[in-house]
Amino acid sequence: MSDDLLHHFFGGFVRLHVLYHADQEAICGIDMIEELRRHGYRLSPGTLYPILHQLEKNGYLACKENLLNGRRRKNYRITAKGRKLLGHARAKLKELFAEVVDDGAP
Ligand SMILES: [Zn+2]
């Protein structure tokens with residue numbers, strides 16, 4: 001598989017992870033980088049932050065700035081629009097999983 005295509009797939013997976021975790025709790029960039037690393041994705045802040053900004057700009061995430069130990073920190077939560085998208089993506093993911101991973105098993 002070409003690296004470009006893999007990169008394309010991972011871009012979608014990373015966005016799904018972000019939406020999922022922002023639905024569970026408030027997330028910040030640095031914690032999300034750690035979480036994604038746990039899943040085997042190595043993202044730099046320069047890659048992840050634009051993704052968070054884009055999701056915010058498109059109304060899927062809402063950002064709140066907090067002070068933590070005197071440093072400003074951006075926390076993101078999923079919005080109603082983001083939750084709707086996640087529900088949609090989850091249904092498609094289940095279908096895809098059943099076919100591609102479970103090999104068409106009903
Ligand atoms: Zn995760």
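Counting starts at 1 for both ligands and their atoms, following the listed order. Below, each value reflects all heavy atoms present in this structure, side chains not excepted, and no hydrogens, waters or symmetry copies.
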What N, O or S atom of [X] is found closest to the Zn ion (ligand 1)?
X: His21; result: NE2
X: His17; result: ND1
X: Glu35; result: OE2

query: How close do Ala62 and Thr79 get, heavy atom to heavy atom, and via which atoms?
result: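 Ala62 and Thr79 have their closest heavy atoms at N-CG2, 3.6 Å.
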field: Shortest non-hydrogen separation from Leu52 to Gly29 and the atoms involved
entry: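 Residues Leu52 and Gly29, closest heavy atoms: CD1-CA, 3.8 Å.
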- prompt: Does the side chain of His39 pick up a donor-acceptor pair with the side chain of Glu35 at under 3.5 Å?
  reply: yes
task: May I ask you to decide if the ring planes of Tyr76 and His53 are parallel, tilted or perpendicular, using 30° and 60° as cut-offs?
output: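 Correct class here is tilted.
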